[in-house]
*Asks:* 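Below you'll find the structure I mean.
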Amino acid sequence: NFGLSKATGEIIVTMDADSAFDKDVIKNLTLYFEDPTIDAAVGNVKVADNKSIIGFIQQLEYLFGFYFKRAHSVMGAEYIFGGACAAFRKATTFDKFGLFDTQNKTEDIEMSMRLRFNGIKCVYAENAICYTEGASSVLGLLNQRLRWKKGRFDTFIKYRRDILSFFYIILFKIDYQHLKLIEHHQ
């Protein structure tokens, strides 16, 4: 938050301390902001060390998770902009809705929900690749996932009134797209 409060650029890129960007990640993330309706872009995070069985399992988990990000993005339903690799249009996100909630165990998920419930548009930037350090033991993996689940649960409790309306909006978008397809084929 200290860096965000001092930042003066139009686009803010975030990364986790245990992550490393591919050489073109910043260029690839910022290209999405040529569309003035885009407020955030989330990158493609991969596990850096996937040679152990734990690393391989995490790589599969990330592979499936980011596959669904592609589908969420197409439907306008991307709801988690992970701190490991994301970019934000400062004026329509942090300047308007505040900084990360440091009281939340998963401040990136909380910020994602806050922004989504306020109508910002996010896309999945599949070509913006970031490598993250995966957990190195079963206990480390369990602790990490429990922290993520607790943070997500706390966020869902905080935004419980908004969650149902958010899902109704997503379902409406899916139905609307389906109706457009039917109409097109008639």
Side-chain angles (χ1 to χ4, degrees), residues 1-46 62 65-66 68-132 148 151-152 154-174 176-177:
N1 279 342
F2 179 77
L4 283 173
S5 69
K6 302 294 183 193
T8 59
E10 180 185 345
I11 306 300
I12 303 295
V13 176
T14 63
M15 77 182 297
D16 283 347
D18 65 349
S19 299
F21 285 165
D22 187 66
K23 65 180 177 64
D24 293 326
V25 76
I26 293 175
K27 177 185 76 161
N28 290 344
L29 278 170
T30 56
L31 283 174
Y32 290 88
F33 293 93
E34 290 178 4
D35 177 345
T37 68
I38 301 297
D39 300 303
V42 59
N44 185 356
V45 181
K46 299 177 182 235
Y62 277 61
F66 282 88
F68 286 111
K69 279 195 176 295
R70 185 180 309 132
H72 292 155
S73 184
V74 167
M75 293 188 298
E78 182 52 51
Y79 73 98
I80 295 180
F81 329 138
C85 185
F88 303 87
R89 190 178 304 278
K90 187 174 182 276
T92 59
T93 57
F94 298 114
D95 289 350
K96 195 170 181 181
F97 301 108
L99 303 177
F100 287 104
D101 178 359
T102 57
Q103 301 303 306
N104 191 298
K105 289 182 183 309
T106 52
E107 69 283 347
D108 52 350
I109 294 174
E110 189 281 331
M111 176 59 78
S112 302
M113 290 294 221
R114 186 176 353 144
L115 295 175
R116 286 300 300 176
F117 290 145
N118 282 288
I120 72 111
K121 184 175 178 185
C122 177
V123 294
Y124 171 50
E126 187 171 6
N127 62 342
I129 298 171
C130 170
Y131 298 95
T132 192
W148 288 357
R152 188 175 294 171
D154 291 347
T155 299
F156 286 172
I157 293 298
K158 182 176 180 177
Y159 293 102
R160 64 188 170 273
R161 279 176 257 167
D162 298 317
I163 288 175
L164 269 176
S165 62
F166 177 70
F167 286 118
Y168 282 126
I169 289 167
I170 298 308
L171 289 173
F172 174 77
K173 282 184 178 181
I174 292 169
Y176 180 72
Q177 295 299 329

*Asks:* How long is the span from the CD1 atom in I11 to the CG atom in L31, to the nearest 0.5 Å?
*Replies:*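 Taking CD1 in I11 and CG in L31, the distance rounds to 11.0 Å.
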
*Asks:* Can you pull out every side-chain hydrogen bond (donor to acceptor under 3.5 Å, both in side chains) where at least one residue sits in residues 3-16? Sequence neighbours excluded, please.
*Replies:*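 Sorted result for residues 3-16: E10-R89.
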
*Asks:* I'd like to know if the side chain of R152 and the backbone of I109 have a donor-acceptor N/O pair within less than 3.5 Å.
*Replies:*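 Flag not set: sc R152 to bb I109 has no pair under 3.5 Å.
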
*Asks:* To the nearest 0.5 Å, what is the distance between CZ (F21) and SG (C130)?
*Replies:*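 If we round to the nearest 0.5 Å, F21:CZ and C130:SG are 5.5 Å apart.
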
*Asks:* In sequence, state the C-alpha distance, the side-chain angles, and the governing distance for N1 and L4, and then conclude on side chain to side chain contact (heavy atoms under 4.5 Å, CB included).
*Replies:* CA-CA 5 Å; N1 279 342; L4 283 173; 3.8 Å; yes

*Asks:* Please tabulate, for side-chain N and O atoms in residues 34-46, each donor-acceptor pair with protein atoms closer than 3.5 Å (sequence neighbours left out).
*Replies:*
from: D35; atom 1: OD1; to: T37; atom 2: N; distance (Å): 2.8
from: D35; atom 1: OD1; to: T37; atom 2: OG1; distance (Å): 2.7
from: D35; atom 1: OD2; to: T37; atom 2: OG1; distance (Å): 3.2
from: D39; atom 1: OD1; to: T92; atom 2: OG1; distance (Å): 2.8
from: D39; atom 1: OD2; to: K121; atom 2: N; distance (Å): 2.9
from: N44; atom 1: OD1; to: Y124; atom 2: OH; distance (Å): 3.3
from: N44; atom 1: ND2; to: Y124; atom 2: OH; distance (Å): 3.4
from: N44; atom 1: ND2; to: E126; atom 2: O; distance (Å): 3.2

*Asks:* CD1/I120 to CE/M111 distance, rounded to the nearest 0.5 angstrom?
*Replies:*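 Nearest 0.5 Å value for the CD1-CE distance: 9.5 Å.
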
*Asks:* Considering non-hydrogen atoms only, spot the tightest contact between A128 and C85 and give its length.
*Replies:*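 Between these two residues, the closest heavy atoms are O-SG, 3.9 Å.
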
*Asks:* Quick one: which residue pairs count as a side-chain hydrogen bond (donor to acceptor under 3.5 Å, both in side chains) with a foot in residues 100-109, not counting sequence neighbours?
*Replies:*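 Residue pairs with at least one partner in residues 100-109: D101-K158, N104-T106, N104-T155.
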
*Asks:* Do the non-hydrogen side-chain atoms of D154 and I157 ever get within less than 4.5 Å of each other?
*Replies:*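 No, their side chains stay 4.5 Å or more apart.
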
*Asks:* Roughly how far apart are D18 CG and M15 CE, rounded to 0.5 Å?
*Replies:*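 Between D18 CG and M15 CE, I get 9.0 Å after rounding to 0.5 Å.
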
*Asks:* Could you tell me which residues satisfy side chain to side chain contact (heavy atoms under 4.5 Å, CB included) with A7, sequence neighbours excluded, listed by chain and number?
*Replies:*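 For A7 the side chain to side chain contact (heavy atoms under 4.5 Å, CB included) partners, ignoring immediate neighbours, are I12, K90.
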
*Asks:* Please enumerate all residues that pass ring pair (Phe, Tyr, Trp, His ring centres under 6.0 Å) together with F100, with sequence neighbours excluded.
*Replies:*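 In terms of ring pair (Phe, Tyr, Trp, His ring centres under 6.0 Å), with neighbours along the sequence ignored, F100 is linked to F94.
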
*Asks:* Atom CZ of F88 and atom CZ of F33: how far apart are they, to the nearest 0.5 Å?
*Replies:*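 Spacing of CZ (F88) from CZ (F33) equals 8.0 Å.
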
*Asks:* Taking C-beta and beyond as the side chain, do N127 and Y32 meet within less than 4.5 Å on heavy atoms?
*Replies:*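 Result yes, sub-4.5 Å side-chain heavy-atom pair found.
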
*Asks:* Sequence neighbours left out, what passes salt bridge (charged side-chain N to carboxylate O under 4.0 Å, His left out) with D22? Give chain and number order.
*Replies:*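 D22: no salt bridge (charged side-chain N to carboxylate O under 4.0 Å, His left out) contacts found.
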
*Asks:* When you look at V25 and I129, which way does the side chain to side chain contact (heavy atoms under 4.5 Å, CB included) test go after all the steps?
*Replies:* CA-CA 6 Å; V25 76; I129 298 171; 5.8 Å; no

